[in-house]
Amino acid sequence: MAGCGKSSTKETTITVGASNIPHGEILKHVQPQLKKEGVNLKVKIFQDYVLPNKDLANKGLDANYFQHIPFLDNWNKENDGSLVSAGNVHLEPIGAYSKKYKSLKDVPSGATILVSNNVADYGRVLTILRDAGLVTLKPGTKITTATFKDIKDNKKNLKFKTDLEPKLMPQFLKNNEGAAVFINANYAVQAGLDPRKDSIALEKNSSPYVNIVAVRKGDTKKPAIKKLMKALQSKSTQQWIAKHYKGAVVPAYPNGK
């Protein structure tokens, strides 16, 4: 009976590039569901934010799942790319961490704040700093493209070190470097941190930096990609994300609604 079922449905294989946690785990969670629908999902794990888009553009992947729209827009701009979003899945709230202070407001004047070299995240960091009352931004600043040059008032004359690899940020925290270290949730969780408990400031759920699945232009309507997105955006998967990551990864409504 099983053999008959397989022969009547032609299986399609797709390869999706992803960061290990949580993206790779979420993809592996939907593998059985997709298998039943004739889609053989292969997950290729990446340890950086550089190669997944290159491999997708070069047709080494069918899709990738590791980034948000501001990052994708910036990559397309810098690489003359045309990758597009197939849909929203989740938010990984970026947070500030410190071994020295319990709140960003406690950070002393002249202190150094460590931020990764991922320019697309600068608006997220600046929003947290602004909400903590440490900086103000120039009028008209668009938060999704903001940089540290858009700071109008730096009330404590804080110094920002922004040339660091995203994956190394937990190590800087462990080494007690900087007054505060901003770490993406996937790297924080990978390092054994709980963003809700261990951060001294955390990005709000209303953030525009929702993680998406990216594909090449024209591929959003491919049957296998549509089935992938349906599985990732299903109520059961979104509930699994909320339960499994306990707030460190927040489910996103499909298409931002």
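Being a predicted model, the structure only gives us computed values, none of them experimental. Computed from heavy atoms alone, side chains included, the values below leave out hydrogens, waters and symmetry copies.
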Can you tell me if [X] and [Y] form a side-chain donor-acceptor pair at under 3.5 Å?
| X | Y | result |
| --- | --- | --- |
| D55 | N58 | no |
| Y209 | E92 | no |
| N79 | N53 | no |
| Q171 | N175 | yes |

Of the non-hydrogen atoms in [X] and [Y], which two are nearest, and what is the gap between them?
| X | Y | answer |
| --- | --- | --- |
| P93 | L202 | O-CD1, 3.7 Å |
| A185 | A248 | CB-O, 3.7 Å |
| D48 | V50 | OD1-N, 2.9 Å |
| I200 | S103 | CD1-C, 3.9 Å |
| G123 | T127 | O-OG1, 2.8 Å |
| A231 | S234 | O-OG, 2.9 Å |

I need the [X] [atom1] to [Y] [atom2] distance, nearest 0.5 Å.
| X | Y | atom1 | atom2 | answer |
| --- | --- | --- | --- | --- |
| N117 | D121 | CG | CG | 10.0 Å |
| L134 | I151 | CG | CD1 | 10.0 Å |
| K54 | L83 | NZ | CG | 13.0 Å |
| K174 | L168 | NZ | CG | 13.0 Å |
| K217 | N76 | NZ | CG | 10.0 Å |
| L126 | I128 | CG | CD1 | 9.5 Å |

Do [X] and [Y] share a hydrophobic cluster (ILVMFWY, side-chain heavy atoms under 4.5 Å, transitive)?
| X | Y | answer |
| --- | --- | --- |
| L158 | L104 | yes |
| V119 | V135 | yes |
| Y245 | L27 | yes |
| V30 | V39 | yes |
| I14 | V89 | yes |

Under 4.5 Å between any side-chain heavy atoms of [X] and [Y], yes or no?
| X | Y | value |
| --- | --- | --- |
| W240 | H29 | yes |
| I183 | L173 | yes |
| V181 | M169 | yes |
| V249 | L91 | no |
| L61 | K44 | yes |
| Y187 | Q190 | yes |
| P22 | N186 | yes |
| M229 | V213 | yes |

Can D62 and K42 be counted as an ion pair, charged N to O under 4.0 angstrom? no
Quick one: does [X]'s side chain have a donor or acceptor within less than 3.5 Å of a partner on [Y]'s backbone?
| X | Y | value |
| --- | --- | --- |
| S19 | F66 | no |
| K138 | K149 | yes |
| Q31 | N40 | no |
| R216 | L56 | yes |
| K105 | A132 | no |
| S207 | E203 | no |
| T136 | D153 | yes |
| D194 | D198 | no |
| Q238 | H90 | no |
| S199 | P195 | yes |

Applying ring-ring contact (aromatic ring centres under 6.0 Å, His included), which residue pairs with at least one partner in residues 128-160 are found, sequence neighbours left out? Y122-F148, F148-F160
Contacts of N74 meeting side chain to side chain contact (heavy atoms under 4.5 Å, CB included) (sequence neighbours excluded), chain-then-number -> E78
Between I69 and V210, does a side-chain contact (heavy atoms from CB on, under 4.5 Å) hold up when you go through it step by step? CA-CA 7 Å; I69 288 289; V210 172; over 6 Å; no
Is it true that atom NZ of K100 has more than 12 heavy atoms of other residues, nucleotides or ligands lying nearer than 6.0 Å? yes
Got more than 12 heavy atoms from elsewhere within 6.0 Å of CG, D80? no
How far apart are the C-alpha atoms of I143 and L137, what are their side-chain angles, what is the distance that settles it, and do they pass the side-chain contact (heavy atoms from CB on, under 4.5 Å) test? CA-CA 9 Å; I143 204 65; L137 302 179; 3.7 Å; yes
Where do D219 and K221 land on the salt bridge (Lys or Arg N to Asp or Glu O under 4.0 Å) test, with the steps shown first? CA-CA 5 Å; D219 285 359; K221 294 183 179 180; over 6 Å; no
Verdict with reasoning, D150 to K142, per salt bridge (Lys or Arg N to Asp or Glu O under 4.0 Å): CA-CA 9 Å; D150 292 308; K142 185 179 178 183; over 6 Å; no
Does the side-chain contact (heavy atoms from CB on, under 4.5 Å) test come out yes or no for V215 and N64, once each step is laid out? CA-CA 7 Å; V215 296; N64 68 40; over 6 Å; no
side-chain contact (heavy atoms from CB on, under 4.5 Å), that's the test. Do L164 and T162 meet it? Break it down for me. CA-CA 6 Å; L164 308 167; T162 61; over 6 Å; no
Can you classify the ring geometry of H68 versus F71 as parallel (below 30°), tilted (30 to 60°) or perpendicular (above 60°)? perpendicular
Suppose we call two aromatic rings close when their centres sit under 6.0 Å apart. Are H23 and Y65 close by that rule? yes
Salt bridge (Lys or Arg N to Asp or Glu O under 4.0 Å) between E37 and K230: does it pass, once the steps are laid out? CA-CA 11 Å; E37 298 181 29; K230 185 178 179 181; 5.8 Å; no
